[in-house]
Amino acid sequence: MAILVTGGAGYIGSHTVIELLNQGEEVIVIDNLKTGHKQAVAGGAFYEGNLRDTSFLERVFRENGIEAVIHFAASSLVGESVQQPLPYYENNLMASHNLVSTMLEHNVKKIVFSSTAATYGEPKQIPILEEDSTNPTSPYGETKLAMEKMFRWCDQAYGLKSVSLRYFNAAGAHPDGMIGEDHNPESHLIPIILQVALGQREAIGVFGDDYPTEDGTCIRDYIHVMDLANAHWLALKSLRENGASNVFNLGNGKGFSVKEVIETARNVTGHSIPEKISPRRAGDPALLIASSEKAQTALGWKPKYNDLRTIIETAWNWHKENPDGFLGKK
Ligand SMILES: NC(=O)c1ccc[n+]([C@@H]2O[C@H](COP(=O)([O-])OP(=O)(O)OC[C@H]3O[C@@H](n4cnc5c(N)ncnc54)[C@H](O)[C@@H]3O)[C@@H](O)[C@H]2O)c1
Ligand SMILES: O=c1ccn([C@@H]2O[C@H](COP(=O)(O)OP(=O)(O)O[C@H]3O[C@H](CO)[C@@H](O)[C@H](O)[C@H]3O)[C@@H](O)[C@H]2O)c(=O)[nH]1
(Lines give C-alpha, C1' and ligand atoms only; values in the text may rest on other atoms or scores of the structure.)
(Ligands and ions follow the chains in the order given, each with its own letter.)
Protein backbone atom coordinates (compact mmCIF):
# COMPACT_ATOMS: atom_id res chain seq x y z
CA MET A 1 0.00 0.00 0.00
CA ALA A 2 1.26 3.46 -0.89
CA ILE A 3 1.30 6.86 0.77
CA LEU A 4 -0.24 9.56 -1.43
CA VAL A 5 1.57 12.88 -1.09
CA THR A 6 -0.38 15.85 -2.46
CA GLY A 7 1.88 18.82 -3.24
CA GLY A 8 4.88 16.47 -3.19
CA ALA A 9 6.74 18.59 -5.77
CA GLY A 10 6.59 21.62 -3.48
CA TYR A 11 9.12 22.78 -0.93
CA ILE A 12 8.10 20.85 2.21
CA GLY A 13 6.42 18.03 0.25
CA SER A 14 9.55 17.17 -1.76
CA HIS A 15 11.70 16.98 1.40
CA THR A 16 9.07 14.73 2.99
CA VAL A 17 9.07 12.44 -0.07
CA ILE A 18 12.79 11.83 0.57
CA GLU A 19 12.11 11.04 4.23
CA LEU A 20 9.32 8.60 3.27
CA LEU A 21 11.49 6.87 0.65
CA ASN A 22 14.31 6.57 3.21
CA GLN A 23 11.83 4.94 5.60
CA GLY A 24 11.01 2.35 2.92
CA GLU A 25 7.55 3.68 2.04
CA GLU A 26 5.95 3.40 -1.38
CA VAL A 27 5.14 6.95 -2.50
CA ILE A 28 2.71 8.48 -5.00
CA VAL A 29 2.88 12.20 -5.66
CA ILE A 30 0.09 14.42 -7.00
CA ASP A 31 1.04 17.96 -7.98
CA ASN A 32 -0.20 20.49 -10.54
CA LEU A 33 3.26 22.14 -10.59
CA LYS A 34 1.73 25.56 -9.94
CA THR A 35 4.45 26.35 -7.41
CA GLY A 36 6.31 23.02 -7.36
CA HIS A 37 8.98 21.38 -9.53
CA LYS A 38 8.99 17.90 -10.99
CA GLN A 39 12.81 17.73 -10.60
CA ALA A 40 12.32 18.09 -6.83
CA VAL A 41 10.52 14.73 -6.62
CA ALA A 42 13.20 12.19 -5.69
CA GLY A 43 11.16 9.05 -6.42
CA GLY A 44 7.83 7.26 -6.39
CA ALA A 45 5.08 7.58 -8.99
CA PHE A 46 4.21 11.08 -10.20
CA TYR A 47 0.76 12.27 -11.32
CA GLU A 48 0.48 15.79 -12.70
CA GLY A 49 -3.00 17.16 -12.02
CA ASN A 50 -5.22 19.38 -9.90
CA LEU A 51 -7.02 18.33 -6.71
CA ARG A 52 -9.97 20.37 -7.95
CA ASP A 53 -10.37 17.82 -10.78
CA THR A 54 -12.46 15.00 -9.29
CA SER A 55 -12.12 12.61 -12.25
CA PHE A 56 -8.32 12.96 -12.06
CA LEU A 57 -8.39 12.21 -8.32
CA GLU A 58 -10.71 9.28 -8.88
CA ARG A 59 -8.25 7.81 -11.43
CA VAL A 60 -5.29 8.10 -9.04
CA PHE A 61 -7.22 6.30 -6.29
CA ARG A 62 -8.52 3.64 -8.71
CA GLU A 63 -5.06 2.88 -10.12
CA ASN A 64 -3.26 2.58 -6.78
CA GLY A 65 -3.64 0.91 -3.41
CA ILE A 66 -3.49 3.93 -1.11
CA GLU A 67 -3.16 3.49 2.64
CA ALA A 68 -2.93 7.11 3.77
CA VAL A 69 -2.59 10.67 2.46
CA ILE A 70 -0.16 13.41 3.41
CA HIS A 71 -1.79 16.61 2.23
CA PHE A 72 0.55 19.54 1.44
CA ALA A 73 -1.07 20.93 -1.70
CA ALA A 74 -2.41 24.42 -1.00
CA SER A 75 -2.01 28.11 -1.64
CA SER A 76 0.01 29.31 1.30
CA LEU A 77 0.99 32.98 1.27
CA VAL A 78 -0.35 35.09 4.13
CA GLY A 79 -0.09 38.47 2.37
CA GLU A 80 -1.42 37.25 -0.99
CA SER A 81 -4.45 35.69 0.71
CA VAL A 82 -5.44 39.08 2.16
CA GLN A 83 -5.34 40.60 -1.35
CA GLN A 84 -7.06 37.62 -3.05
CA PRO A 85 -9.15 35.60 -0.58
CA LEU A 86 -11.38 33.71 -3.05
CA PRO A 87 -8.65 31.59 -4.73
CA TYR A 88 -7.63 30.57 -1.20
CA TYR A 89 -11.09 29.26 -0.43
CA GLU A 90 -11.09 27.41 -3.74
CA ASN A 91 -7.60 25.91 -3.71
CA ASN A 92 -7.55 25.12 0.00
CA LEU A 93 -11.09 24.36 1.19
CA MET A 94 -12.77 23.16 -2.02
CA ALA A 95 -9.75 21.11 -3.15
CA SER A 96 -9.52 19.47 0.29
CA HIS A 97 -13.22 18.70 0.15
CA ASN A 98 -12.66 16.86 -3.17
CA LEU A 99 -9.71 14.99 -1.72
CA VAL A 100 -11.51 13.84 1.42
CA SER A 101 -14.63 12.81 -0.53
CA THR A 102 -12.51 10.66 -2.86
CA MET A 103 -10.57 9.20 0.08
CA LEU A 104 -13.79 8.17 1.81
CA GLU A 105 -15.23 6.68 -1.38
CA HIS A 106 -12.13 4.47 -1.52
CA ASN A 107 -12.18 3.74 2.20
CA VAL A 108 -8.91 5.59 2.86
CA LYS A 109 -9.22 6.95 6.39
CA LYS A 110 -5.83 8.34 7.42
CA ILE A 111 -4.61 11.85 6.62
CA VAL A 112 -1.66 13.94 7.79
CA PHE A 113 -2.38 17.58 7.09
CA SER A 114 -0.19 20.70 6.64
CA SER A 115 -1.73 23.18 9.00
CA THR A 116 -0.04 26.33 10.19
CA ALA A 117 0.81 28.78 12.93
CA ALA A 118 -1.38 31.18 10.94
CA THR A 119 -4.43 29.46 12.49
CA TYR A 120 -3.69 31.25 15.79
CA GLY A 121 -3.61 34.89 14.66
CA GLU A 122 -2.16 37.25 17.30
CA PRO A 123 -1.32 34.95 20.22
CA LYS A 124 -2.45 35.76 23.75
CA GLN A 125 0.57 33.99 25.26
CA ILE A 126 4.01 32.80 24.21
CA PRO A 127 4.92 30.04 23.59
CA ILE A 128 1.73 29.05 21.78
CA LEU A 129 0.01 25.84 22.88
CA GLU A 130 -2.30 23.75 20.71
CA GLU A 131 -5.33 24.50 22.90
CA ASP A 132 -4.83 28.28 22.68
CA SER A 133 -7.48 30.33 20.92
CA THR A 134 -7.49 30.42 17.12
CA ASN A 135 -8.36 33.78 15.52
CA PRO A 136 -6.61 33.90 12.13
CA THR A 137 -5.54 37.31 10.82
CA SER A 138 -5.60 36.16 7.15
CA PRO A 139 -7.87 34.21 4.78
CA TYR A 140 -5.02 31.73 4.44
CA GLY A 141 -5.08 30.93 8.18
CA GLU A 142 -8.86 30.94 8.10
CA THR A 143 -9.03 28.29 5.33
CA LYS A 144 -6.48 26.08 7.10
CA LEU A 145 -8.47 26.27 10.34
CA ALA A 146 -11.66 25.42 8.44
CA MET A 147 -9.93 22.35 6.97
CA GLU A 148 -8.81 21.19 10.41
CA LYS A 149 -12.42 21.48 11.56
CA MET A 150 -13.70 19.64 8.48
CA PHE A 151 -11.36 16.75 9.30
CA ARG A 152 -12.59 16.69 12.92
CA TRP A 153 -16.25 16.49 11.87
CA CYS A 154 -15.36 13.80 9.32
CA ASP A 155 -13.76 11.77 12.12
CA GLN A 156 -16.98 11.92 14.11
CA ALA A 157 -19.19 11.09 11.13
CA TYR A 158 -17.06 8.72 9.02
CA GLY A 159 -14.09 7.67 11.17
CA LEU A 160 -11.53 9.72 9.16
CA LYS A 161 -8.39 9.93 11.34
CA SER A 162 -6.31 13.08 10.88
CA VAL A 163 -3.15 14.55 12.31
CA SER A 164 -2.97 18.30 11.68
CA LEU A 165 0.58 19.61 11.93
CA ARG A 166 0.70 23.34 12.63
CA TYR A 167 4.12 24.27 11.30
CA PHE A 168 5.71 27.53 12.20
CA ASN A 169 8.15 28.96 9.60
CA ALA A 170 9.69 26.27 7.41
CA ALA A 171 13.25 27.05 6.37
CA GLY A 172 16.52 25.47 5.22
CA ALA A 173 17.25 22.84 2.60
CA HIS A 174 18.20 19.18 2.34
CA PRO A 175 21.64 18.86 3.99
CA ASP A 176 23.00 17.04 0.88
CA GLY A 177 22.14 20.10 -1.22
CA MET A 178 19.95 17.93 -3.52
CA ILE A 179 16.82 20.03 -3.16
CA GLY A 180 15.81 23.28 -1.50
CA GLU A 181 13.31 26.13 -1.55
CA ASP A 182 12.44 27.55 -4.97
CA HIS A 183 9.31 29.69 -5.33
CA ASN A 184 8.85 32.00 -8.26
CA PRO A 185 8.35 34.80 -7.40
CA GLU A 186 9.86 34.16 -3.97
CA SER A 187 8.09 35.75 -1.01
CA HIS A 188 9.69 34.03 1.99
CA LEU A 189 12.16 35.90 4.15
CA ILE A 190 15.23 33.61 4.20
CA PRO A 191 15.43 32.80 0.45
CA ILE A 192 14.93 36.49 -0.39
CA ILE A 193 17.75 37.49 1.98
CA LEU A 194 19.98 34.89 0.28
CA GLN A 195 19.03 36.24 -3.15
CA VAL A 196 20.36 39.61 -1.94
CA ALA A 197 23.57 37.88 -0.84
CA LEU A 198 23.85 36.35 -4.35
CA GLY A 199 23.47 39.78 -5.94
CA GLN A 200 20.09 38.89 -7.48
CA ARG A 201 18.34 41.67 -5.53
CA GLU A 202 19.62 44.98 -4.24
CA ALA A 203 18.23 44.89 -0.70
CA ILE A 204 15.91 43.03 1.62
CA GLY A 205 12.75 45.00 2.42
CA VAL A 206 11.90 44.73 6.12
CA PHE A 207 8.10 44.70 6.36
CA GLY A 208 7.54 47.06 9.28
CA ASP A 209 9.81 48.14 12.15
CA ASP A 210 7.05 49.46 14.41
CA TYR A 211 5.73 46.17 15.82
CA PRO A 212 5.61 45.74 19.61
CA THR A 213 8.84 43.67 19.67
CA GLU A 214 12.31 44.59 20.94
CA ASP A 215 13.69 45.82 17.59
CA GLY A 216 10.25 46.58 16.10
CA THR A 217 10.35 43.78 13.50
CA CYS A 218 8.22 40.61 13.42
CA ILE A 219 9.38 37.56 15.34
CA ARG A 220 9.00 34.05 13.93
CA ASP A 221 9.98 30.52 14.97
CA TYR A 222 12.04 28.97 12.13
CA ILE A 223 11.99 25.20 11.80
CA HIS A 224 14.16 23.12 9.47
CA VAL A 225 12.35 21.49 6.57
CA MET A 226 13.93 18.06 7.28
CA ASP A 227 12.70 18.22 10.87
CA LEU A 228 9.23 18.89 9.48
CA ALA A 229 9.65 15.99 7.04
CA ASN A 230 10.51 13.65 9.91
CA ALA A 231 7.45 14.81 11.88
CA HIS A 232 5.22 13.69 8.98
CA TRP A 233 6.68 10.22 9.12
CA LEU A 234 6.14 10.10 12.89
CA ALA A 235 2.55 11.36 12.48
CA LEU A 236 1.88 8.64 9.93
CA LYS A 237 3.31 6.06 12.33
CA SER A 238 1.05 7.36 15.12
CA LEU A 239 -2.01 6.97 12.89
CA ARG A 240 -0.96 3.40 12.14
CA GLU A 241 -0.24 2.57 15.77
CA ASN A 242 -3.00 4.24 17.76
CA GLY A 243 -5.30 5.66 15.12
CA ALA A 244 -6.22 8.79 17.07
CA SER A 245 -6.83 12.19 15.46
CA ASN A 246 -4.67 14.97 16.85
CA VAL A 247 -3.21 18.46 16.37
CA PHE A 248 0.45 19.35 16.94
CA ASN A 249 2.57 22.48 16.77
CA LEU A 250 5.95 22.10 15.06
CA GLY A 251 8.56 24.72 15.84
CA ASN A 252 11.88 25.14 17.67
CA GLY A 253 10.42 27.19 20.51
CA LYS A 254 12.80 30.09 19.78
CA GLY A 255 11.84 33.35 18.12
CA PHE A 256 14.00 35.50 15.83
CA SER A 257 13.15 38.96 14.57
CA VAL A 258 13.45 39.83 10.87
CA LYS A 259 16.55 41.91 11.75
CA GLU A 260 18.12 39.00 13.65
CA VAL A 261 17.56 36.69 10.69
CA ILE A 262 19.25 39.20 8.36
CA GLU A 263 22.20 39.56 10.76
CA THR A 264 22.64 35.77 11.02
CA ALA A 265 22.57 35.51 7.21
CA ARG A 266 25.29 38.21 7.01
CA ASN A 267 27.46 36.04 9.28
CA VAL A 268 26.77 32.85 7.34
CA THR A 269 27.30 34.31 3.86
CA GLY A 270 29.95 36.94 4.53
CA HIS A 271 27.88 39.40 2.42
CA SER A 272 26.73 42.79 3.66
CA ILE A 273 23.01 42.25 2.68
CA PRO A 274 21.61 45.79 2.63
CA GLU A 275 18.18 46.25 4.19
CA LYS A 276 15.49 48.88 3.71
CA ILE A 277 12.50 49.47 5.97
CA SER A 278 9.24 49.03 4.07
CA PRO A 279 5.56 49.22 5.09
CA ARG A 280 3.97 46.40 7.10
CA ARG A 281 2.51 43.48 5.11
CA ALA A 282 -1.20 42.93 5.74
CA GLY A 283 -2.08 39.82 7.73
CA ASP A 284 1.26 39.46 9.57
CA PRO A 285 1.03 38.84 13.34
CA ALA A 286 3.88 40.46 15.35
CA LEU A 287 5.03 37.38 17.21
CA LEU A 288 4.71 33.60 16.66
CA ILE A 289 6.67 31.12 18.79
CA ALA A 290 5.62 27.49 19.28
CA SER A 291 5.56 25.17 22.16
CA SER A 292 6.17 21.78 20.49
CA GLU A 293 6.23 19.81 23.71
CA LYS A 294 3.11 17.92 22.74
CA ALA A 295 4.70 16.63 19.49
CA GLN A 296 7.90 15.79 21.34
CA THR A 297 6.05 13.78 23.98
CA ALA A 298 3.32 12.14 21.91
CA LEU A 299 5.20 11.55 18.63
CA GLY A 300 8.76 11.32 19.98
CA TRP A 301 9.73 14.18 17.62
CA LYS A 302 13.10 15.78 18.24
CA PRO A 303 14.25 18.57 15.89
CA LYS A 304 17.86 17.99 14.79
CA TYR A 305 18.57 21.37 13.20
CA ASN A 306 17.57 23.52 16.12
CA ASP A 307 19.69 26.60 15.65
CA LEU A 308 19.07 29.38 13.16
CA ARG A 309 22.66 29.48 11.90
CA THR A 310 22.57 25.81 10.85
CA ILE A 311 19.18 26.29 9.22
CA ILE A 312 20.46 29.25 7.19
CA GLU A 313 23.70 27.40 6.32
CA THR A 314 21.76 24.57 4.68
CA ALA A 315 19.63 27.09 2.75
CA TRP A 316 22.75 29.02 1.69
CA ASN A 317 24.39 25.81 0.47
CA TRP A 318 21.37 25.15 -1.80
CA HIS A 319 21.03 28.74 -3.10
CA LYS A 320 24.77 29.16 -3.74
CA GLU A 321 24.96 25.92 -5.74
CA ASN A 322 21.61 26.51 -7.52
CA PRO A 323 21.25 30.28 -7.98
CA ASP A 324 18.47 29.72 -10.56
CA GLY A 325 16.74 27.05 -8.48
CA PHE A 326 15.47 23.97 -10.29
CA LEU A 327 15.46 25.81 -13.64
CA GLY A 328 19.22 25.98 -13.68
CA LYS A 329 19.74 22.51 -12.22
CA LYS A 330 21.96 20.26 -14.27
N1 LIG B 1 6.41 27.16 4.03
C2 LIG B 1 6.01 27.35 5.28
O3 LIG B 1 6.68 28.02 6.06
C4 LIG B 1 4.72 26.74 5.77
C5 LIG B 1 4.38 26.93 7.12
C6 LIG B 1 3.17 26.38 7.58
C7 LIG B 1 2.37 25.63 6.74
N8 LIG B 1 2.74 25.44 5.44
C9 LIG B 1 1.89 24.60 4.60
O10 LIG B 1 2.66 23.53 4.09
C11 LIG B 1 2.23 23.16 2.79
C12 LIG B 1 3.40 23.17 1.84
O13 LIG B 1 3.99 24.45 1.83
P14 LIG B 1 5.23 24.77 0.88
O15 LIG B 1 5.93 25.93 1.46
O16 LIG B 1 5.97 23.53 0.57
O17 LIG B 1 4.44 25.28 -0.41
P18 LIG B 1 4.71 24.98 -1.96
O19 LIG B 1 3.92 26.00 -2.69
O20 LIG B 1 6.17 24.89 -2.23
O21 LIG B 1 4.07 23.54 -2.16
C22 LIG B 1 2.72 23.32 -2.45
C23 LIG B 1 2.64 22.33 -3.61
O24 LIG B 1 1.28 22.02 -3.86
C25 LIG B 1 1.02 22.10 -5.27
N26 LIG B 1 -0.41 22.43 -5.41
C27 LIG B 1 -1.03 23.55 -4.97
N28 LIG B 1 -2.34 23.50 -5.25
C29 LIG B 1 -2.56 22.31 -5.88
C30 LIG B 1 -3.72 21.68 -6.42
N31 LIG B 1 -4.91 22.27 -6.37
N32 LIG B 1 -3.57 20.46 -6.99
C33 LIG B 1 -2.36 19.85 -7.06
N34 LIG B 1 -1.23 20.41 -6.56
C35 LIG B 1 -1.33 21.62 -5.98
C36 LIG B 1 1.97 23.17 -5.77
O37 LIG B 1 2.27 23.07 -7.15
C38 LIG B 1 3.21 22.91 -4.89
O39 LIG B 1 4.09 21.97 -5.49
C40 LIG B 1 1.12 24.13 2.43
O41 LIG B 1 -0.11 23.50 2.68
C42 LIG B 1 1.34 25.30 3.39
O43 LIG B 1 0.13 25.95 3.68
C44 LIG B 1 3.88 25.98 4.94
O1 LIG C 1 10.68 40.27 1.99
C2 LIG C 1 10.28 39.99 3.13
C3 LIG C 1 9.60 38.79 3.42
C4 LIG C 1 9.14 38.58 4.70
N5 LIG C 1 9.35 39.49 5.68
C6 LIG C 1 8.87 39.23 7.06
O7 LIG C 1 9.48 38.03 7.49
C8 LIG C 1 8.61 37.26 8.31
C9 LIG C 1 8.46 35.88 7.71
O10 LIG C 1 7.75 36.01 6.46
P11 LIG C 1 7.60 34.81 5.41
O12 LIG C 1 8.91 34.15 5.21
O13 LIG C 1 6.91 35.39 4.21
O14 LIG C 1 6.68 33.79 6.19
P15 LIG C 1 5.26 34.00 6.89
O16 LIG C 1 4.46 35.07 6.24
O17 LIG C 1 5.51 34.12 8.37
O18 LIG C 1 4.51 32.66 6.54
C19 LIG C 1 5.14 31.39 6.52
O20 LIG C 1 4.97 30.81 7.78
C21 LIG C 1 3.60 30.58 8.15
C22 LIG C 1 3.60 29.95 9.54
O23 LIG C 1 4.05 30.88 10.51
C24 LIG C 1 2.98 29.65 7.11
O25 LIG C 1 1.68 29.34 7.42
C26 LIG C 1 3.05 30.26 5.72
O27 LIG C 1 2.53 29.34 4.77
C28 LIG C 1 4.50 30.55 5.41
O29 LIG C 1 4.56 31.23 4.15
C30 LIG C 1 7.28 38.04 8.36
O31 LIG C 1 7.27 38.79 9.53
C32 LIG C 1 7.37 38.99 7.16
O33 LIG C 1 6.69 40.21 7.36
C34 LIG C 1 10.01 40.67 5.43
O35 LIG C 1 10.19 41.51 6.31
N36 LIG C 1 10.46 40.89 4.15
Side-chain angles (χ1 to χ4, degrees), residues 5-16 29-38 40-41 47-53 56-57 70-81 87-88 90-92 94-96 98-99 113-120 128 136 138 140-141 143-144 147 164-171 181-193 195-196 201 203-209 211 213 217-223 225 228-229 232 249-251 256-259 261-262 275-290:
V5 181
T6 76
Y11 170 45
I12 307 170
S14 59
H15 288 77
T16 304
V29 169
I30 287 183
D31 203 295
N32 66 357
L33 302 180
K34 178 131 193 279
T35 54
H37 310 271
K38 186 135 188 274
V41 184
Y47 284 83
E48 184 174 343
N50 196 320
L51 294 183
R52 293 281 290 120
D53 177 349
F56 162 71
L57 266 184
I70 305 186
H71 181 31
F72 294 98
S75 301
S76 61
L77 304 180
V78 174
E80 181 185 73
S81 78
Y88 275 73
E90 173 168 354
N91 204 43
N92 293 355
M94 290 159 77
S96 298
N98 282 355
L99 175 67
F113 171 60
S114 300
S115 190
T116 165
T119 52
Y120 292 108
I128 303 172
S138 67
Y140 164 62
T143 59
K144 288 277 174 172
M147 288 187 269
S164 293
L165 299 175
R166 293 180 178 161
Y167 333 142
F168 284 60
N169 287 56
E181 188 166 9
D182 178 11
H183 295 117
N184 191 9
E186 189 52 77
S187 69
H188 294 96
L189 181 65
I190 291 175
I192 292 186
I193 290 173
Q195 286 173 352
V196 178
R201 295 178 189 244
I204 173 74
V206 175
F207 295 155
D209 67 349
Y211 283 96
T213 60
T217 67
C218 287
I219 292 177
R220 294 287 180 274
D221 180 340
Y222 294 88
I223 178 76
V225 66
L228 289 180
H232 289 77
N249 286 341
L250 298 176
F256 294 94
S257 72
V258 172
K259 286 198 167 183
V261 175
I262 298 170
E275 66 186 56
K276 66 172 194 299
I277 305 303
S278 310
R280 287 184 179 199
R281 187 175 64 180
D284 279 343
L287 176 62
L288 293 171
I289 302 173

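Counting starts at 1 for both ligands and their atoms, in listed order. One-based numbering along the sequence shown.
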Does any N or O atom in Tyr167 lie less than 3.5 angstrom from one in ligand 2, N or O only? no
Check: His37 N/O within less than 3.5 Å of ligand 1 N/O: no
Within this structure, what is the CZ-CD1 distance for the pair Arg201 and Ile193, rounded to the nearest 0.5 Å? 11.0 Å
How long is the span from the OG atom in Ser138 to the NZ atom in Lys144, to the nearest 0.5 Å? 11.0 Å
Top protein contact for atom 26 (N) of ligand 1, by heavy-atom distance: Asn32 OD1, 3.4 Å
So which heavy atom in the protein is nearest atom 42 (C) of ligand 1, and how far is it from that ligand atom? Ser76 CB, 3.4 Å
Name the one of Asp209, Ile204, Val206 that satisfies side-chain contact (heavy atoms from CB on, under 4.5 Å) with Val258? Val206
Within-cut-off N or O pair, Lys34 and ligand 1, under 3.5 Å: yes
Any idea how His183 and Tyr11 line up, ring-wise: parallel (<30°), tilted (30 to 60°), or perpendicular (>60°)? perpendicular
With a 4.5 Å limit on heavy-atom distance, are the side chains of His71 and Ile30 in contact? no
Using a 4.0 Å cutoff against the non-hydrogen atoms of Ser76, which atoms of ligand 2 qualify? 26 (C), 27 (O), 29 (O)
With heavy-atom distances below 4.0 Å as the criterion, list the atoms of ligand 2 near Arg220. 17 (O), 31 (O)
Tell me: protein heavy atom nearest atom 6 (C) of ligand 2, and distance? Val258 CG2, 3.8 Å
Can you check whether Phe72's main-chain N or O pairs, donor with acceptor, with Thr6's side chain at less than 3.5 Å? yes
Mind checking whether Leu51 has an N or O less than 3.5 Å away from an N or O of ligand 1? yes
Have a look at ligand 2 and work out which part of Val261, if any, has a heavy atom under 4.0 Å from it: side chain, backbone, both or neither. neither
Please determine if Arg52 has a nitrogen or oxygen closer than 3.5 Å to a nitrogen or oxygen of ligand 1. no
Under 4.0 Å from ligand 1, counting heavy atoms only, is it the side chain of Tyr140, its backbone, both or neither? side chain
Nearest 0.5 Å, what's the NE2-CD1 distance between His232 and Ile70? 6.5 Å
Does some non-hydrogen atom of Lys144 fall short of 4.0 Å from ligand 1? yes
Taking only non-hydrogen atoms of Ser75, do any sit less than 4.0 angstrom from ligand 1? no
Which heavy atom of the protein is the closest neighbour of atom 25 (O) of ligand 2, given with residue, atom name and distance? Thr116 OG1, 2.4 Å
Where the side chain of Asp31 meets the backbone of Ala9, is there a donor-acceptor pair that is under 3.5 Å apart? yes
Answer with side chain, backbone, both or neither: which part of His188 has a heavy atom less than 4.0 angstrom from an atom of ligand 2? both
Any nitrogen or oxygen of Val78, side chain or backbone, less than 3.5 Å from one on ligand 2? no
For the backbone of Leu77 and the side chain of Tyr88, can you confirm whether one donor and one acceptor N or O come within less than 3.5 Å of each other? yes
Nearest protein heavy atom with distance in Å, relative to atom 3 (O) of ligand 1: Ala170 N, 3.0 Å
Answer yes or no: does an N/O atom from Val206 fall short of 3.5 Å to an N/O atom of ligand 2? no
Atom 21 (O) of ligand 1 sits nearest the protein heavy atom Gly10 CA, 3.4 Å
Residue and atom name of the nearest protein heavy atom (relative to atom 12 (C) of ligand 1), distance in Å to one decimal: Phe72 O, 3.8 Å
So for Ala170 against ligand 2, with non-hydrogen atoms under 4.0 Å, the contacting part is neither
Is any N or O atom of Gly13, backbone or side chain, closer than 3.5 Å to an N or O atom of ligand 1? no
If we number the atoms of ligand 2 from 1 as shown, the ones under 4.0 Å from a heavy atom of Cys218 are 31 (O)
Side chain, backbone, both or neither: the part of Arg280 lying under 4.0 Å from ligand 2 by heavy atom: neither
Please confirm whether Asn91 comes within less than 3.5 Å of ligand 1 when only nitrogen or oxygen atoms on both sides are compared. yes
For Ala73, the atoms of ligand 1 under 4.0 Å from one of its heavy atoms are 24 (O), 26 (N), 29 (C), 34 (N), 35 (C)
Any donor-acceptor pair under 3.5 Å linking the side chain of Thr217 with the backbone of Ser257? no
Please state which option from Ser115, Ala117, Ser187 has its nearest heavy atom closest to atom 3 (C) of ligand 2. Ser187
Heavy atom to atom 19 (O) of ligand 1, shortest distance: which of Ile223, Asn92, Leu57, Thr35 holds it? Thr35
Looking only at distances, can you tell me whether any N or O atom of Tyr222, backbone or side chain, sits closer than 3.5 Å to an N or O atom of ligand 2? no
Among Ile219, Ile190, Ile223, Asn169, the residue with a heavy atom nearest to atom 17 (O) of ligand 2 is Asn169
Taking His37 for the side chain and Asp182 for the main chain, is one N or O donor matched with an acceptor at less than 3.5 Å? yes
Looking at ligand 1, does any of its N/O atoms fall within less than 3.5 Å of an N/O of Gly7? no
Ligand 1-proximal atoms of His183, by part, heavy-atom distance under 4.0 Å: side chain
Whether the side chain of Asp221 engages the backbone of Ala290 through a donor-acceptor N/O pair (distance < 3.5 Å, no angle test) should be reported. yes
Taking atom CG of Asn169 and atom CD1 of Ile289, what is their separation to the nearest 0.5 Å? 11.0 Å
For ligand 2, note which part of Phe207 has a heavy atom under 4.0 Å away: side chain, backbone, both or neither. both
Starting from atom 37 (O) of ligand 1, find the nearest protein heavy-atom neighbour and note its residue, name and distance. Asp31 OD1, 2.6 Å
Checking the side chain of Asp284 only, and the main-chain atoms of Gly79 only, is there a donor and an acceptor separated by less than 3.5 Å? no
Main chain of Arg52, side chain of Asn98: is a donor-acceptor contact present, judged purely on distance under 3.5 Å? yes
Gap between atom CZ of Phe256 and atom CG of Leu189 - 0.5 Å precision: 12.5 Å
So if I count the atoms of ligand 2 from 1 in the order they appear, which ones are less than 4.0 Å from some heavy atom of Tyr140? 24 (C), 25 (O), 26 (C), 27 (O)
Shortest non-hydrogen contact between Ser76 and Tyr140, atoms and distance: CA-CE1, 3.4 Å
Between Ser115 and ligand 1, find which residue part has any heavy-atom pair under 4.0 Å and reply side chain, backbone, both or neither. backbone
Interfacing atoms of ligand 2 (cut-off 4.0 Å, heavy-atom, Phe168): 22 (C), 23 (O)
Look at atom 13 (O) of ligand 1 and say which protein heavy atom is nearest, naming residue and atom and giving the distance to 0.1 Å. Ile12 CD1, 3.8 Å
Measure the spacing between CD1 of Ile12 and CG of Leu228 and express it to the nearest 0.5 Å. 5.5 Å
Minimum-distance protein heavy atom relative to atom 10 (O) of ligand 1: Tyr167 CE1, 3.3 Å
With no hydrogens and no angle check, do the side chains of Tyr167 and Ser114 hold a donor and an acceptor under 3.5 Å apart? yes
Backbone, side chain, both or neither: what part of Asp284 comes under 4.0 angstrom of ligand 2, heavy atoms only? side chain
